[in-house]
Amino acid sequence: NHQSTMSPEEFISRIMEAEPPEIYLMEDLKKPFTEASMMMSLTNLADKELVLMISWAKKIPGFVELSLADQIHLLKCCWLEILMLGLMWRSVDHPGKLIFSPDFKLSREEGQCVEGIMEIFDMLLAATSRFRELKLQREEYVCLKAMILLNSNLSTSSPQTTEELESRNKLLRLLDSVIDALVWAISKLGLSTQQQTLRLGHLAMLLSHIRHVSNKGMDHLSNMKRKNVVLVYNLLLEMLDANTSSSS
Amino acid sequence: HTKLLQLLTTKPE
């Protein structure tokens, strides 16, 4: 269990190195958007990002030592939250805009062309504003992203086999490591002890907003798919189905 | 094999 002996500093440097490269949509965007064209661009980008997300997760120290079942379950639970936090990070210095990729930026108003998406854009923009007010640091951002992944599924069923039990224990120790890492990152900012505690609380509370927006987004995407506004395929389809089939 | 499983089980190049 090398991650338990890893210092918070080392843990952060490993997850900083795991960061996926910048991704481009690489499509000729025809403006104004239609409902179908915007949904297609959004889902094409999400599908590309998902492939990189799997590689990213595998680079989180200790993740690949979890059981394969836990790895799959965690990713299926949190993928949209991870995509949304990444979007917030890219958009943090651009008030009122959502920077999906360097070549795909949307203003709040552009959300008007997709039924029901402006509400989600507004929630994304609100959470992004909170991160802007808090002056979220890159080290904190990477910790939060790892926290989302590792905290995404606290299974209700108790582990049945030794393998499941070991994986569950590893997961809990990994969560300890990532919390330690976030606490360490906050401690570098030159705040008073009380301010550090408050910051940790505020950052952690933002995660519940992200979960909420992700649930809204998941419903929206499955509705768009059901109404044939957009054709969802490939890895994105697999990840979406994992959520819609378990909730219905 | 699902795509997710495939991506998780392939060794990094």
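Letters A, B, ... mirror the listed sequences (proteins, then strands); counts begin at 1. All values below come from the heavy atoms of this structure, side chains included, with hydrogens, waters and symmetry mates left out.
- Considering only heavy atoms from C-beta on, Thr10(B) comes within 4.5 Å of Lys58(A) through its side chain.
- Interatomic distance, CD of Gln6(B) versus CG of Leu235(A), reported as 9.5 Å (0.5 Å rounding).
- Neither the backbone nor the side chain of Leu50(A) comes within contact range of chain B; no heavy atoms are under 4.5 Å apart.
- To the nearest 0.5 Å, atoms NZ (Lys3(B)) and CG (Leu237(A)) are separated by 11.5 Å.
- Using a distance-only test at 3.5 Å, with no hydrogens or angles considered, a donor-acceptor pair links the side chain of Glu238(A) to the main chain of Leu4(B).
- Shown here is Met16(A), whose CE atom has more than 12 heavy atoms of other residues, nucleotides or ligands within 6.0 Å.
- Residue-environment remark: NZ (Lys216(A)) stays at or below the threshold of 12 foreign heavy atoms within 6.0 Å.
- Dense packing is recorded around NE2 of His220(A), with more than 12 heavy atoms of other residues, nucleotides or ligands lying under 6.0 Å away.
- By the 4.5 Å heavy-atom criterion applied to side chains, Thr2(B) and Ile72(A) are not counted as neighbours.
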